[in-house]
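Below is one structure; the comments refer to it alone.
Just so it is clear: chains get the letters A, B, ... in the order the sequence lines come, proteins before strands, and each one is counted from 1. Computation of the quantities below employed the complete heavy-atom set of this structure, encompassing side-chain atoms and omitting hydrogens, waters and symmetry-equivalent molecules.
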Amino acid sequence: MADSIAKLSITGSQSSLSAEDARLLRGLRAGIESAYEELLARYQQPVYSMVYRLLGDQNDACDVVQEVFLKVFRSVGSFQERSSLRTWIYRIAVNEAHNHRRWFSRHRKNEVAIEPENEEQRSYGVTPDPGPSPFDWTRNRETRALIEQALDEVSPVFRTAVVLRDIEDLSYEEIADILQVSLGTVKSRILRGREALRRALTQRLDPGLSEAFV
Amino acid sequence: MSISCHTAKRHSADYVDGRLRADRRFNVVAHLHDCEECATYFEQISQLRAALKAVPEKPIPQRLETSLQIIASRQRAEVLATRGSHWKATWDKWKFRVNELMKPLAIPATGGLLSSLLLFGTFVFTISTTTRLVGYEVPVAYSSRSEATLIPLELGSHAVFLNMSIDSNGRIGDYAVSDPDCKYSADLEAQRTNISMPSIPTVFAVAQPISGDIEIRFLPLAFRP
């Protein structure tokens, strides 16, 4: 009963929001501090992680994530609740990342950083794999590094689909909603993204790391 | 029904994600059983997916967390200030933008407006839609006969016409006096050399000086019987 009530928006039309999202949305529109904190706690990490993988640069990802949440907070009043809160936020994030990448390719591709790139900023993992030996841990870390590098080589359109599906674990329907494309297109992009990733990894892997997928 | 390698690979995404229909799944499994290359391919895709799922999230930098807290705080303050009203928020936003736009133009715009008002106020009284001669010594009927019942004088009914040519500088080029009713001819003949022409200031009609041929009609004063 509560779920069905929560699904009805102010206009009376059918909403795609869960009860929890509806409660959060009401809190945001009313200016309740805990609602803002909850939104950030729930989405800032996954959004940043996804944007980072789409752009491949920490500074760019930070800029884009700020823009994303600025838009989210400003548009929360006009959000029409036709999709879930999660897909709505992810849609904004994907669009902002694409816009940033287009702007970058137009204006900044000839720039060279003054400061040397800090390798620490491009760390690929923070949680050491609790493998039986340091050697295994190193090999897994290298595997992840290879996957990250290979992912950077995949075309942005296919990379987005693979990141949303295989890393963010979104459903095909949610991805279609985020990217505003058909299910068939989502399927095609995931298929081609995985194929491109597989090819890139196959070229990188030497026989010693051939079992790196495991 | 056996399928080709191309068809099998086309179904790999749905197969790995568990979305394949039962009949198609059966066909794919059957094909994988017979085709080692496709079986290896499917195995690699599955392992790739598992490896991607195991990749940890990128940790969010502390400075970004702080920035997001500040953004959230500001937006919340804006929502509270506008009481969540979309129209008030939109109005405030556009009012702010217009104010910011007008700030550098405020002083010159105010100065221009005041100057315009001052100039307009100075010259507006010179605009007249009618021709009016004020303060001339020559009595000229303006629009109609005026009758002063208290004074035993009245304007005569027989007019004398003064025709003049005036150039653009207000100088009289030529003049002629005519008495169509021959009422005053004798007097005019005697007075012809004694007609003194007062200076006629530049006549304005709708703020423009008049020049060219002008006819002035005189109605002499007569004692009322």
Side-chain angles (χ1 to χ4, degrees), chain A residues 28-33 35-37 39-40 44-53 58 61-62 65-66 69-70 72-74 76-78 121 123-127 129 140 143-144 147-148 151 162-163 165-167 169 171-172 187-188 190-192 194-195 197-198 201-202 211-214, chain B residues 6-20 24 38 40-90 92-93:
Chain A
L28 291 170
R29 288 170 175 165
I32 297 173
E33 188 175 356
Y36 284 80
E37 290 175 359
L39 185 83
L40 287 179
Q44 66 180 5
Q45 176 60 64
V47 168
Y48 170 77
S49 187
M50 184 194 70
V51 171
Y52 188 110
R53 293 193 197 289
Q58 185 185 42
C62 287
V65 169
Q66 289 182 66
F69 280 95
L70 194 59
V72 166
F73 290 134
R74 282 182 175 169
V76 79
S78 58
Q121 290 181 356
S123 63
Y124 297 104
V126 289
T127 307
D129 181 62
N140 285 335
T143 304
R144 291 190 193 116
I147 291 175
E148 299 266 359
L151 201 54
V162 169
V163 166
R165 175 63 197 141
D166 294 330
I167 299 180
D169 204 23
S171 68
Y172 279 46
K187 201 183 301 184
S188 168
I190 290 172
L191 183 72
R192 294 173 71 174
R194 285 173 178 168
E195 171 56 30
L197 195 56
R198 188 194 73 89
L201 277 169
T202 305
E211 58 185 350
F213 281 132
V214 179
Chain B
H6 173 74
T7 305
K9 285 179 182 175
R10 209 156 42 87
H11 291 317
S12 64
D14 284 335
Y15 178 87
V16 167
D17 293 330
R19 293 172 55 92
L20 206 57
R24 287 183 179 174
C38 285
T40 307
Y41 176 85
F42 272 64
E43 180 64 23
Q44 287 176 342
I45 294 294
S46 294
Q47 289 173 354
L48 176 64
R49 188 161 189 279
L52 284 169
K53 279 174 80 74
V55 172
E57 281 185 327
K58 292 291 182 187
I60 185 169
Q62 181 60 45
R63 61 183 172 87
L64 177 59
E65 278 196 69
T66 308
S67 299
L68 292 177
Q69 292 286 346
I70 293 171
I71 289 170
S73 175
R74 283 182 182 160
Q75 292 304 309
R76 179 175 165 259
E78 203 174 297
V79 166
L80 291 175
T82 59
R83 279 180 238 99
S85 163
H86 174 66
W87 295 112
K88 189 168 187 314
T90 306
D92 286 344
K93 186 174 70 176

Which atoms of [X] come close to chain B, meaning under 4.5 Å heavy atom to heavy atom: side chain ones, backbone ones, both, or neither?
{"X": "Ile32(A)", "value": "backbone"}
{"X": "Val76(A)", "value": "neither"}
{"X": "Ala35(A)", "value": "neither"}

Region of [X] that comes under 4.5 Å of a non-hydrogen atom in chain A:
{"X": "Arg19(B)", "answer": "side chain"}
{"X": "Glu43(B)", "answer": "neither"}
{"X": "Ala77(B)", "answer": "neither"}

Beyond-backbone contact of [X] with [Y], side-chain heavy atoms, under 4.5 angstrom:
{"X": "Tyr48(A)", "Y": "Pro61(B)", "result": "yes"}
{"X": "Arg198(A)", "Y": "Tyr41(B)", "result": "yes"}
{"X": "Leu201(A)", "Y": "Gln44(B)", "result": "no"}

Output side-chain donor-acceptor pairs under 3.5 Å for residues 7-14 of chain B, partner residues at least two apart or in another chain, one line each.
{"from": "Thr7(B)", "atom 1": "OG1", "to": "Ser4(B)", "atom 2": "OG", "distance (Å)": "2.9"}
{"from": "Ser12(B)", "atom 1": "OG", "to": "Lys9(B)", "atom 2": "O", "distance (Å)": "2.8"}
{"from": "Asp14(B)", "atom 1": "OD2", "to": "Lys187(A)", "atom 2": "NZ", "distance (Å)": "3.0"}

Between [atom1] on residue [X] and [atom2] on residue [Y], distance to nearest 0.5 Å:
{"X": "Leu68(B)", "Y": "Tyr36(A)", "atom1": "CG", "atom2": "OH", "value": "14.0 Å"}
{"X": "Asp169(A)", "Y": "Leu52(B)", "atom1": "CG", "atom2": "CG", "value": "11.5 Å"}
{"X": "Arg76(B)", "Y": "Glu33(A)", "atom1": "CZ", "atom2": "CD", "value": "4.5 Å"}

* Keeping the roles fixed (side chain from Gln45(A), backbone from Lys58(B)), state whether a donor-acceptor pair exists under 3.5 Å. => yes

